[in-house]
Amino acid sequence: MESKQSRASTRNSTCCPVKSTWHYERQFAETTTCHGVSHIVSSDRLWSKAIWSVFVCTAFVAVISQCWLLFSNYLHHHTVTEIRVLYEDRIEFPAVTVCNFNRLRKSVLEDWGIIDTDMREYLLAGFGAEGVLHGNLTFYPKTRHHRFLNISKTAGSKIPKDFEQVVRKAGTQFHDLITFCIFGGLPNFGVCADEAFQHTYTELGNCYTYKPKIPGYQYATGTNRGLTLGMFLRVEDYAETLFYGLIESGLRFHIHDPGEPPIMEGSGLSVAPGVHAYASIARTDFINLKDPWGECVNHSLTFFPKYTVQGCLLECKVKFIMSVCNCTPIAYPSVDGVPVCSPVEMLTCFYRKSIEFEFLKIQDTPCGISCDPACNYTEYDVALSYAELPGKSVAIEFAAEKNVTLEFLKKNYMELSVYFKDIKRTIIEQKKAQTPEGLISNIGGQLGLFLGASFLTLAEFGQYILIKLQHWCGTKDPDKKRKEALEKTKDNPSVDHRPVDTSQDNDCNNAKAAAVTYL
């Protein structure tokens with residue numbers, strides 16, 4: 001009785017021995033959804049196993065290399081540029097700044113008693129338009145420079161002491177320059193009233209920017225659907241001189257975003273008198289990405305409501321000049337408590353420091369920021385065309401209507417029409433070449449293409465690894481434990497060593513295999 005119980009106990013202890021490691025690999029290979037692996041273990045011939053092994057290994061290498069390239073491209077933050085055209089029912093009109101090439105009126109200076117050329121040159125030196133001046137002040141003889149200093153000492157009794165007031169009173173006046181304004185075919189209708197123009201100082205003195213408080217919109221195409229200005233330049237009242245003045249006569253204008261400063265020297269376009277200039281414009285909106293994908297920034301500027309590269313550079317230059325000269329040029333934004341630079345200060349400090357600024361890095365100036373491209377900004381491409389004004393058939397009648405002579409009209413009068421060529425916007429947007437969603441999608445495509453796998457297949461690999469870890473931690477050498485159990489039964493004389501029925505072992509093995517499959 002004890003012998004039967006001992007034999008039964010021994011059989012139960014060895015009924016479900018732990019299988020070898022190969023059992024789990026075969027089980028996983030036969031059940032995984034990763035294509036090709038099952039053919040390696042199910043093939044009967046060695047050459048077939050070898051071929052499928054090569055195929056599967058090649059596919060794994062291809063997947064790994066492709067995924068590595070995808071991750072590498074993602075980490076390098078590559079970008080692509082998308083261009084699209086958006087047609088609209090209406091389009092907002094930009095700001096238009098116009099300036100006469102004459103910065104000071106000769107008639108006003110004569111009323112102040114300023115008749116000689118040296119005094120006019122002294123005043124013209126205070127504008128600081130080094131890029132549009134005829135000649136370079138830094139190469140003038142020192143004797144001429146000292147003569148300017150002597151003139152400045154006696155100028156106070158003849159002209160206002162504040163140079164800004166000199167320019168405001170002696171410069172081009174709004175109603176002297178602009179005689180009529182039409183927007184959308186309607187004269188002086190809200191968006192074309194006098195209040196729609198704002199006075200601003202530039203290198204050309206008094207300028208006027210069309211920027212109504214309520215934005216105007218163009219609804220249809222055509223030269224008469226935008227802004228049309230009629231202007232008298234009054235060239236006989238020019239006070240410019242050869243050395244410190246402008247040798248041209250005419251008008252300079254700049255079309256820009258309302259939030260940007262007018263850059264007359266670098267971006268302005270010039271028109272001669274006696275013509276009707278047609279400026280056909282097209283709007284382009286730029287959308288850039290921030291670091292690390294792009295280089296755009298959105299700094300807050302002190303003098304301008306909207307960040308732009310030109311505004312940032314101008315603001316940095318103002319702060320630099322203000323820190324070394326203790327004044328601001330008339331053409332630059334004013335600062336409360338800081339006086340406008342006089343002509344003497346422009347000659348002794350500004351021109352030299354302005355050149356020095358060009359060679360400095362922005363980070364080395366009081367600005368302390370880098371003027372990188374804006375994340376969102378707008379540009380206007382301009383195409384100019386001209387027509388003679390007035391035409392010969394109506395010249396006499398046109399001059400009579402303006403109450404001037406025909407000769408005076410041709411030398412002084414001009415018209416400017418600014419209009420959109422099409423009611424559309426071109427949007428140039430910088431986009432990520434690889435987004436996180438796109439990266440996941442591309443990895444899934446590579447897995448499916450080479451291995452026929454999906455992300456659920458990764459779960460199968462994870463389950464397999466867990467089972468292997470469980471096996472290694474529980475029974476590191478199952479065959480050794482089974483042999484030790486058999487040796488114990490042999491050493492026990494009370495145990496029946498006769499062959500036993502192995503059908504129970506087979507049933508146990510089947511149950512074990514089913515359990516592994518279930519897991």
So CD of Glu315 and CG of Leu301: to nearest 0.5 Å the spacing works out to 4.5 Å

Practice task
Go through the steps to decide whether Tyr307 and Val297 satisfy the test side chain to side chain contact (heavy atoms under 4.5 Å, CB included), and finish with yes or no.
Solution key: CA-CA 9 Å; Tyr307 174 84; Val297 294; 3.4 Å; yes

For the pair Glu88 and Arg425, find out whether any cationic side-chain nitrogen is under 4.0 Å from an anionic carboxylate oxygen.
yes

What one should report as the nearest heavy-atom pair of Thr223 and Thr228 is O-OG1, 4.1 Å

Check whether any side-chain heavy atom of Phe197 lies under 4.5 Å from a side-chain heavy atom of Val98, and answer yes or no.
-> no

Lys306 atom NZ, neighbour heavy-atom count above 12 within 6.0 Å:
yes

Between Ala277 and Leu384, the two heavy atoms sitting closest are CB-CD2, 4.5 Å

dist Trp293:CH2 -> His78:NE2 (nearest 0.5 Å) comes out at 9.5 Å

Answer whether the closest heavy-atom distance between the side chains of Lys290 and Cys375 falls below 4.5 Å. yes

| Is Val418 close to Ile255 at the side-chain level, that is, under 4.5 Å between some pair of heavy atoms? | yes

Review point. Does Ser53 use its side chain to pair, donor to acceptor, with the backbone of Lys49 at less than 3.5 Å?
Key: yes

Discussion item. Assess the residue pair Cys207 and Cys99 against the criterion (disulfide (SG to SG under 2.5 Å)); give the C-alpha distance rounded to whole Å, side-chain angles, the decisive distance to 0.1 Å, and a yes or no.
Written reply: CA-CA 5 Å; Cys207 296; Cys99 305; 1.9 Å; yes

Between Ala95 and Pro258 the two heavy atoms that sit nearest each other are CB-CA, 3.9 Å

Whether over 12 other heavy atoms sit under 6.0 Å from Glu356 CD
yes

Task: Exceeds 12 heavy-atom contacts within 6.0 angstrom, atom CZ of Arg45 - done: no

Quiz prompt | Non-hydrogen side-chain atoms of His35 and Leu451 separated by less than 4.5 Å | solution = no

| task | Taking the side chain as every heavy atom from C-beta outward, state whether Thr58 and Phe450 have any atom pair closer than 4.5 Å. | result | no

Can you tell me if Gln434 uses its side chain to pair, donor with acceptor, with the backbone of Leu439 under 3.5 Å? yes

Rounded to the nearest 0.5 angstrom, the CZ-CG distance for Phe101 and Leu204 is 6.5 Å

Does Asp89 reach the main-chain N or O of Tyr219 with its side chain, forming a donor-acceptor pair under 3.5 Å?
no

Closest non-hydrogen contact found for Tyr201 with Asn206 is CE2-OD1, 3.3 Å

**Study point:** Close side-chain approach of Ile321 and Phe357, heavy atoms under 4.5 Å
**Key:** no

Taken to the nearest 0.5 Å, the spacing of Ile281 CD1 from Leu227 CG works out to 9.5 Å

- prompt: Strictly under 6.0 Å, is that where the ring centroids of His276 and Tyr386 end up?
  reply: no

| message | Does Phe304, at its CZ atom, have more than 12 non-hydrogen atoms belonging to other residues, nucleotides or ligands within less than 6.0 Å? | response | yes

On a heavy-atom basis, the closest approach of Ala279 and Leu416 is CB-CD1, 4.5 Å

Using side chain to side chain contact (heavy atoms under 4.5 Å, CB included), reason through Asn376 and Asp285 one step at a time and then give a plain yes or no. CA-CA 7 Å; Asn376 296 276; Asp285 295 334; over 6 Å; no

Per side-chain hydrogen bond (donor to acceptor under 3.5 Å, both in side chains), Thr97 is matched among His256, Arg252, Lys211, His254 by His256

- Message: Working note: Cys349 + Cys341, criterion disulfide (SG to SG under 2.5 Å); need CA distance, chi angles, decisive distance, verdict.
- Response: CA-CA 9 Å; Cys349 182; Cys341 295; over 6 Å; no

Next item on the list: Go through Tyr380 and Ser267 one step at a time and tell me if the side chain to side chain contact (heavy atoms under 4.5 Å, CB included) criterion holds.
Entry: CA-CA 11 Å; Tyr380 295 92; Ser267 303; over 6 Å; no

Practice problem: For the residue pair Phe320 and Cys325, establish whether any side-chain heavy-atom pair is separated by less than 4.5 Å. | Solution: no

dist Gln66:CD -> Gln446:CD (nearest 0.5 Å) comes out at 4.5 Å

Any side-chain to backbone donor/acceptor pair from Ser72 onto Trp68? Under 3.5 Å, distance only. no

Here the pair of heavy atoms bringing Asp372 nearest to Val309 is O-CG2, 3.6 Å

Output for pair (Leu289 CG, Cys296 SG), nearest 0.5 Å, gives 6.5 Å

Query raised in the report: Side chains of Phe93 and Gln218: closer than 4.5 Å at any heavy-atom pair?
Result: yes

Measure the acute angle between the ring planes of Tyr74 and His77, then classify it against the limits of 30° and 60° as parallel, tilted or perpendicular.
tilted

Q) Does Glu82 reach the main-chain N or O of Lys431 with its side chain, forming a donor-acceptor pair under 3.5 Å? A) no

